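Predicted, not measured: the structure shown is a model, and the values here were computed from it.
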Amino acid sequence: MRPVVVTGFEPYGGRLVNPAYEIMRAVEGKTIEGASVVGRALPVSYKAIASEVSAIMDELRPLAVLSLGLCPGESIIRLERIGVNIADFEIPDNEGALIRDMPISSNGAGARFSSLPLRRIELALLQAGIPARVTSGAGTFLCNACLYRMLEAAEERSPATACGFFHVPYLPGQVAEALAQRGERRTGGVDARADSPSMELSLCVRAVEIAIAETVRASSAARV
């Protein structure tokens, strides 16, 4: 069986940890529903994202790609439905690029839709007691660019690859650190609102495992 790829962005914005990266590392090397899971770290670089996506697709020819990113202040796992063809950053990427009002793909569609079985995944996560919902706004930073580029690359290649993007909350330790810093006048890129919601790493990992299982099952059913 072709592998399932999980990508996770490296830390950014002054943070020392990115939950997306930690989740990716935790599921890397597992076998779920007969599919091996391959982890790939993504740089927080607009310049590099297209080549990184192409390399993943060409090297691995995956059955599916599930990409992960942090959504500060979110309390649930967001199953993103749409990637839009615009890059408009509120903060610079890790290379200092501050992109404003720029199309991601000069000749691409205005939007591309996730090809993961999102409603099936949402139901399975809720039944497992994991808060999640399908949402329609992946933002206009690197998370959205990743989703759009993955879907674009999948359309250009065969066999078909299902692609999607999940936003995850802070880890509890990140919020605890921010609270500890609140009275010390140290910013370090930590959000002004330190008492943000969070989710345990183990729960986030379980959510991704469930999503992979549902994606593989849906793919197998479609081939019958």
Asn85 side chain vs Ser105 backbone, donor-acceptor pair below 3.5 Å | yes
Value for OG (Ser158) from CD (Glu155), rounded to nearest 0.5 Å, stands at 13.0 Å
Sub-4.5 Å side-chain heavy-atom contact between Ile130 and Arg206 | yes
With rounding to the nearest 0.5 Å, note down the distance linking CZ in Arg112 to OH in Tyr148.
-> 4.0 Å
Give a yes or no on whether Met102 and Leu142 share a hydrophobic cluster (residues Ile, Leu, Val, Met, Phe, Trp, Tyr; joining criterion: side-chain heavy atoms under 4.5 Å apart).
-> yes
Is any side-chain heavy atom of Leu118 closer than 4.5 Å to a side-chain heavy atom of Phe166?
-> yes
Val65 versus Ser67, closest heavy-atom pair with distance = CG1-OG, 3.8 Å
Say you draw a straight line from OG1 of Thr140 to CG of Asp88; how long is it, rounded to the nearest 0.5 Å?
-> 4.5 Å
Indicate yes or no for a side-chain donor-acceptor contact from Glu214 to the backbone of Arg120 under 3.5 Å, with no hydrogens or angles considered.
-> no
Taking all heavy atoms of Ile210 and all of Ala128, pick out the closest pair and write down the distance.
-> CD1-CB, 3.6 Å
Can you get from Ile56 to Met1 by hopping between Ile, Leu, Val, Met, Phe, Trp and Tyr side chains that sit under 4.5 Å apart?
-> no
Taking Ser196 for its side chain and Val175 for its backbone only, find out whether a donor-acceptor pair lies under 3.5 Å.
-> no
List in chain and number order the residues that pass ring-ring contact (aromatic ring centres under 6.0 Å, His included) with Phe165, two or more places apart in sequence or in another chain; answer none if no residue qualifies.
-> His167
Flag side-chain contact, heavy atom, 4.5 Å: Ile77 against Met199 | yes
Minimum heavy-atom distance Ala64-Thr215, with the two atoms named | CB-CG2, 3.7 Å
Is there a chain of hydrophobic side chains (I, L, V, M, F, W, Y, each step under 4.5 Å between heavy atoms) that links Ile99 to Ile91?
-> yes
Is there a side-chain contact between Arg2 and Pro62, using heavy atoms and a 4.5 Å cut-off?
-> no
Side-chain donor/acceptor of Thr161 to backbone N/O of Leu63, under 3.5 Å = no
Heavy-atom pair with the smallest gap, counting every atom of Cys146 and Phe9 | CB-CZ, 3.8 Å
Quick one: do the Arg40 and Thr7 side chains pair a donor with an acceptor below 3.5 Å?
-> no
Can you check whether Arg78 reaches Val168 side chain to side chain, under 4.5 Å on heavy atoms?
-> no
Run the salt-bridge test on Lys30 and Glu209 with the 4.0 Å N-O cut-off and return the result as yes or no.
-> yes
Just by distance, with hydrogens left out, do Glu80 and Thr135 show a side-chain donor and acceptor under 3.5 Å apart?
-> yes
Kindly determine whether Met150 and Met57 satisfy side-chain contact (heavy atoms from CB on, under 4.5 Å), including the steps that lead there.
-> CA-CA 8 Å; Met150 284 291 183; Met57 290 296 194; 4.0 Å; yes
Would you call Glu22-Arg25 a salt bridge at under 4.0 Å N-O?
-> no
Would you sort out whether Ser114 and Arg81 count as a side-chain hydrogen bond (donor to acceptor under 3.5 Å, both in side chains), showing the intermediate values?
-> CA-CA 5 Å; Ser114 171; Arg81 185 180 359 224; over 6 Å; no
Smallest heavy-atom separation, Ala218 atom then Pro117 atom, equals CB-CG, 3.9 Å
Residues, nucleotides or ligands: over 12 heavy atoms within 6.0 Å of Glu90 CD | no
Could you check whether the rings of Tyr12 and Phe141 sit parallel, tilted or perpendicular, using 30° and 60° as the cut-offs?
-> tilted
Are side-chain heavy atoms of Ile82 and Val84 found at a separation under 4.5 Å?
-> yes
CG-CE distance between Asn18 and Met24, expressed to the nearest 0.5 angstrom | 9.5 Å
So if you build clusters from Ile, Leu, Val, Met, Phe, Trp, Tyr with side-chain heavy-atom gaps below 4.5 Å, do Val208 and Leu116 land together?
-> yes
Between Arg119 and Leu79, is any pair of side-chain heavy atoms under 4.5 Å apart?
-> no
Transitively linked via ILVMFWY side-chain contacts under 4.5 Å: Val38 with Val4?
-> no
Should Glu33 and Arg217 be marked as a salt bridge (Lys or Arg N to Asp or Glu O under 4.0 Å) after you check the CA-CA gap, both sets of side-chain angles, and the distance that decides it?
-> CA-CA 7 Å; Glu33 291 293 317; Arg217 290 177 191 137; 3.0 Å; yes
Test Ile212 against Val6 for side-chain contact (heavy atoms from CB on, under 4.5 Å), laying out the working first.
-> CA-CA 9 Å; Ile212 292 171; Val6 176; 3.8 Å; yes
Would you call Glu52-Arg149 a salt bridge at under 4.0 Å N-O?
-> no
SG-CG distance between Cys143 and Leu68, expressed to the nearest 0.5 angstrom | 9.5 Å
Would a 4.5 Å heavy-atom cut-off, applied to side chains only, mark Val5 and Leu66 as touching?
-> no
Heavy-atom nearest pair, Ala145 first then Ile104, reads CA-CD1, 3.7 Å
Stepwise, does the salt bridge (Lys or Arg N to Asp or Glu O under 4.0 Å) test hold for Lys47 with Asp93?
-> CA-CA 9 Å; Lys47 180 179 179 181; Asp93 67 15; over 6 Å; no
Does the Thr31 side chain pair with the main chain of Gly34, one donor and one acceptor, at a distance under 3.5 Å?
-> no
Please list, chain by chain and in numerical order, all residues satisfying side-chain hydrogen bond (donor to acceptor under 3.5 Å, both in side chains) with Tyr46, sequence neighbours excluded.
-> none
What is the distance from atom CG of Leu201 to atom CG of Leu171, rounded to the nearest 0.5 Å?
-> 5.5 Å
